Amino acid sequence: MLLNLRLTMESGQPPEFLWQRRGSRYFRMLETRAELWQEGGKLRYSGCSHEYVRRMLRLGDELEEIYGVLCRDEVLSRAVRSFRGLRLTLSDPWETLVAFLCSVNSNIPRIKRCVQAIMGMAGGRMPAPEVLVEAELKHARLGFREKFIRRSAAMVAEGALYGIEKLDFQEAKRELMNLPGVGEKVAECVLLFGYGFLEAFPVDVWIARAMRHYFGVAPRRIASFAERWEPYQGYAQQYLYMLAREELKP
DNA sequence: CCCCAGGTTGTAG
DNA sequence: CTACAACATGGG
């Protein structure tokens, strides 16, 4: 089983915000305290089921097949060489939505602080939407994101996420973008990391930078250009994101 | 003081 | 339709 747990858990995906690292282990509260680690390449876990881990780390994805698609160009080949074993992850849609509402015009360390502050109010668990609506959030220092999160929580409490997983990608994206604070980028992140739509290709500043620098592609043409990696645009995006952060530091 | 961060929104042209 | 300042906060 090809897996680099550390890369996967610390690559700007929801688990980086939802889990905490102690030494080389990762933990969070689920029904009880869950823990994840790797010993000699072998994945170990406690406090959660095998099915849970398999789903969150997408262990069913055939990385070698995916690499075959990504490696059609030299840039992604280099990214695959550098980040072999990095997997996409799948988290709870509501948790994913909150995390990426926190991500708006922010940075990884602060996103994590915000998410952990929100979960800290509920014993380390993500508060249910109807709880978050009424919660005192000043202490989480969410800034202008607080009203987005509160208003989105109200809509989710009224069923805004119900049935999203049954829609096709474009319909689901349109639905998500009805939520306050959810634009194209956040919607695609939720679809990719919270619903598992591998055709999603979220465009943040790093991806925009990478597409221009490596491929000479302007922002408007990114989505269609990314079709070269179909049906694994989401994987291409994650590897490109990591490569850009390593090679294109401003 | 400046600019940037896994952006979105409202407004003006 | 496109362009762009404002939005809160913290780090560099």
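As the structure is a prediction and not an experimental result, all values here were calculated from the model. Proteins come first, then strands; the chains are lettered A, B, ... in the order of their sequence lines, and each starts at number 1. FYI, side chains are in, hydrogens and waters are out, and symmetry mates aren't considered; it's all heavy atoms of this structure.
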Inset, instruction - Could you tell me which non-hydrogen atom of A:P202 sits nearest to which non-hydrogen atom of A:C189, and how far apart they are? - result: CB-SG, 3.6 Å
Inset, instruction - Remember a base hit wins even if backbone is also touched, and classify A:S11 as base, sugar-phosphate or nothing at under 4.0 Å, heavy atoms. - result: base
Legend entry - Sub-4.0 Å heavy-atom contacts from residues 193-204 of chain A onto DNA chain B, ordered by number: A:F193, A:P202, A:D204
Inset, instruction - Can you tell me, in whole Å, how much space there is between the P of C:dA8 and that of B:dT11? - result: 15 Å
Inset, instruction - Measure the acute angle between the ring planes of A:Y241 and A:W206, then classify it against the limits of 30° and 60° as parallel, tilted or perpendicular. - result: perpendicular
Inset, instruction - Looking at every strand, decide which applies to A:Q238 at a 4.0 Å heavy-atom threshold: base, sugar-phosphate, or nothing. - result: base
Inset, instruction - Could you check whether A:E184 gets within reach of a base, just the sugar-phosphate, or nothing at all, counting any heavy atom under 4.0 Å? - result: sugar-phosphate
Legend entry - A:K173 side chain vs A:A187 backbone, donor-acceptor pair below 3.5 Å: no
Inset, instruction - Among A:E65, A:Q238, A:E199, find the residue that satisfies the side chain to side chain contact (heavy atoms under 4.5 Å, CB included) test when tested with A:Y232. - result: A:E65
Inset, instruction - Measure from CD1 on A:I111 to P on B:dA5 and round the result to the nearest Å. - result: 12 Å
Inset, instruction - Produce a footprint string for nucleotides 6-12 of chain C: one letter per nucleotide, 5' end first; B if the base is under 4.0 Å from any protein heavy atom, S if only the sugar-phosphate is, - if neither. - result: -BBBS--
Inset, instruction - Determine, using ring centers only, whether A:F215 and A:W229 are less than 6.0 Å apart. - result: yes
Inset, instruction - For residues 145-198 of chain A, pull every pair meeting ring-ring contact (aromatic ring centres under 6.0 Å, His included), keeping only residues two or more places apart or in separate chains. - result: A:F100-A:F193, A:F169-A:F197
Inset, instruction - Give a yes or no on whether a salt bridge exists between A:R125 and A:E31, defined as a side-chain N under 4.0 angstrom from a carboxylate O. - result: no
Inset, instruction - Give a yes or no on whether a salt bridge exists between A:R78 and A:E246, defined as a side-chain N under 4.0 angstrom from a carboxylate O. - result: no
Inset, instruction - Inspect the contact between A:E74 and A:R81 and indicate whether a charged nitrogen and a carboxylate oxygen are less than 4.0 angstrom apart. - result: yes
Inset, instruction - Check the hydrophobic clustering (I, L, V, M, F, W, Y; side-chain heavy atoms under 4.5 Å; chains of links allowed) and say if A:W94 and A:M119 are grouped together. - result: yes
Inset, instruction - Mind running side-chain contact (heavy atoms from CB on, under 4.5 Å) on A:Y214 and A:L248 for me, showing each step along the way? - result: CA-CA 10 Å; A:Y214 294 125; A:L248 304 182; 3.7 Å; yes
Legend entry - Near-ring test A:F201/A:F225, centroid separation under 6.0 angstrom: no
Inset, instruction - Tell me which residues in residues 69-100 of chain A put a heavy atom below 4.0 Å from DNA chain B, sorted by number, or none. - result: none
Inset, instruction - Would you mind reading off the distance between A:K249 atom NZ and B:dA5 atom C1', rounded to a whole angstrom? - result: 15 Å
Show the distances under 3.5 angstrom between N or O atoms of the protein and N or O atoms of nucleotides 9-13 of chain B.
{"from": "B:dT9", "atom 1": "OP1", "to": "A:G181", "atom 2": "N", "distance (Å)": "3.0"}

Inset, instruction - Carefully, step by step, assess A:L142 and A:L101 under the rule side-chain contact (heavy atoms from CB on, under 4.5 Å). - result: CA-CA 10 Å; A:L142 302 172; A:L101 282 170; over 6 Å; no
Inset, instruction - In whole angstrom, give me the gap between the P atoms of C:dT2 and B:dA5. - result: 23 Å
Legend entry - A:E35 bridged to A:R44 by N-O distance under 4.0 Å: no
Pairs under 3.5 angstrom, nitrogen or oxygen only, protein versus nucleotides 1-5 of chain C, please.
{"from": "C:dA3", "atom 1": "OP2", "to": "A:R220", "atom 2": "NH2", "distance (Å)": "3.3"}

Inset, instruction - Examine distances only and state if a side-chain atom of A:R209 and a backbone atom of A:A244 form a donor-acceptor pair shorter than 3.5 Å. - result: no
Legend entry - CD/A:E10: more than 12 non-hydrogen atoms of other groups inside 6.0 Å: yes
